[in-house]
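Encoded as structure tokens, the structure appears first; notes follow it.
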Amino acid sequence: MSRLTPKQVQTKLAALPEWTRSGGVIQRTFAFPDFVHAMRFVDRVAAEAERVQHHPDIMIRYSKVTLALSTHDVGGISDKDFAFAASADTIFAG
């Protein structure tokens, strides 16, 4: 696994329109009706992170959850981050 170039990151972000690049991470903020729904989402994200052994930074602000992804082993953004972002989108949709 290797770090993606800025051009590769931009190309892959086109497939995940809610996600943006912020420095060395990709991130998205998910909005929920209330704190309980937000925490249920975080629980599901945590279970997926453990399953694939790739852990996002998670910021919780009442009914909003922001996930930030980077691959520490490569010192930046990798395909692993985009795979997890797609999984998080699926968890949110489901």
Side-chain angles (χ1 to χ4, degrees):
M1 177 181 4
S2 60
R3 181 172 56 184
L4 298 174
T5 67
K7 185 175 181 177
Q8 289 170 316
V9 170
Q10 281 306 115
T11 299
K12 289 181 176 287
L13 281 172
L16 297 169
E18 300 293 324
W19 290 82
T20 59
R21 181 179 186 167
S22 178
V25 303
I26 58 171
Q27 67 181 24
R28 177 181 174 185
T29 299
F30 298 84
F32 300 90
D34 55 37
F35 181 75
V36 172
H37 284 89
M39 293 309 298
R40 286 182 187 144
F41 173 73
V42 170
D43 285 342
R44 291 190 298 268
V45 165
E48 179 64 9
E50 280 296 297
R51 187 183 75 74
V52 299
Q53 289 299 295
H54 190 55
H55 302 87
D57 291 332
I58 302 172
M59 182 173 32
I60 304 163
R61 291 193 173 146
Y62 183 66
S63 63
K64 293 184 179 173
V65 175
T66 300
L67 301 181
L69 294 159
S70 68
T71 304
H72 301 290
D73 294 346
V74 301
I77 302 167
S78 74
D79 284 328
K80 196 171 188 178
D81 301 306
F82 282 95
F84 195 88
S87 293
D89 285 352
T90 298
I91 291 167
F92 180 69

- prompt: Looking at residues at least two apart in the chain, or sitting in another chain, which of them share a side chain to side chain contact (heavy atoms under 4.5 Å, CB included) with Arg3?
  reply: Val74

- line: Sorted by chain and residue number, the side chain to side chain contact (heavy atoms under 4.5 Å, CB included) partners of Ser2 (sequence neighbours excluded) come out as none

statement: Looking only at heavy atoms, the pair that brings Ser87 and Glu48 closest together is OG-OE2, 3.7 Å

query: In the hydrophobic cluster built from side-chain contacts under 4.5 Å, what are the other members alongside Met59?
result: none

Residues which pass side-chain hydrogen bond (donor to acceptor under 3.5 Å, both in side chains) with Ser63, listed by chain and number, not counting sequence neighbours: none

- line: Residues passing the side chain to side chain contact (heavy atoms under 4.5 Å, CB included) test with Ser22, sequence neighbours excluded, are Val25, Gln27

query: Taking only residues two or more places apart in sequence, or in another chain, which ones meet Lys80 in a salt bridge (charged side-chain N to carboxylate O under 4.0 Å, His left out)?
result: none

Could you pull out all donor-acceptor pairs under 3.5 Å where a side-chain atom in residues 32-42 meets a protein atom, sequence neighbours excluded?
| unit_1 | atom_1 | unit_2 | atom_2 | d |
| --- | --- | --- | --- | --- |
| Asp34 | OD1 | Val36 | N | 3.2 |
| Asp34 | OD1 | His37 | N | 2.9 |
| Asp34 | OD1 | His37 | ND1 | 2.8 |
| Asp34 | OD2 | His37 | ND1 | 3.4 |

- request: Give the C-alpha distance, both sets of side-chain angles, the deciding distance and a yes or no for side-chain contact (heavy atoms from CB on, under 4.5 Å) between Asp73 and Met1.
  value: CA-CA 9 Å; Asp73 294 346; Met1 177 181 4; 5.5 Å; no

- prompt: Taking side chain as C-beta onward, heavy atoms only, is Arg21 less than 4.5 Å from Leu13?
  reply: yes

query: What residues, two or more places apart in sequence or in another chain, satisfy ring-ring contact (aromatic ring centres under 6.0 Å, His included) together with Phe84?
result: none

query: So which heavy atom on Ala31 is nearest to which on Phe92, and how close?
result: O-CE1, 3.6 Å

query: Do any pairs count as a salt bridge (charged side-chain N to carboxylate O under 4.0 Å, His left out) and have a residue in residues 82-94, sequence neighbours left out, and if so which ones?
result: Arg28-Asp89

field: ring pair (Phe, Tyr, Trp, His ring centres under 6.0 Å) contacts in which one or both residues fall within residues 49-82, not counting sequence neighbours
entry: none

query: Ser70 and Asp81: which non-hydrogen atoms are nearest, and at how many Å?
result: C-OD1, 3.1 Å

field: Counterpart residues, salt bridge (charged side-chain N to carboxylate O under 4.0 Å, His left out), relative to Arg61 (two or more places apart)
entry: none

statement: Residue set satisfying side chain to side chain contact (heavy atoms under 4.5 Å, CB included) with Asp79, at least two apart, ordered chain then number -> Leu4, Lys12

- prompt: Stepwise, does the side-chain contact (heavy atoms from CB on, under 4.5 Å) test hold for Leu67 with Ile58?
  reply: CA-CA 5 Å; Leu67 301 181; Ile58 302 172; 3.6 Å; yes

Atom pair CD1 (Ile77) and CG (Leu69), whose distance is rounded to the nearest 0.5 Å: 9.0 Å

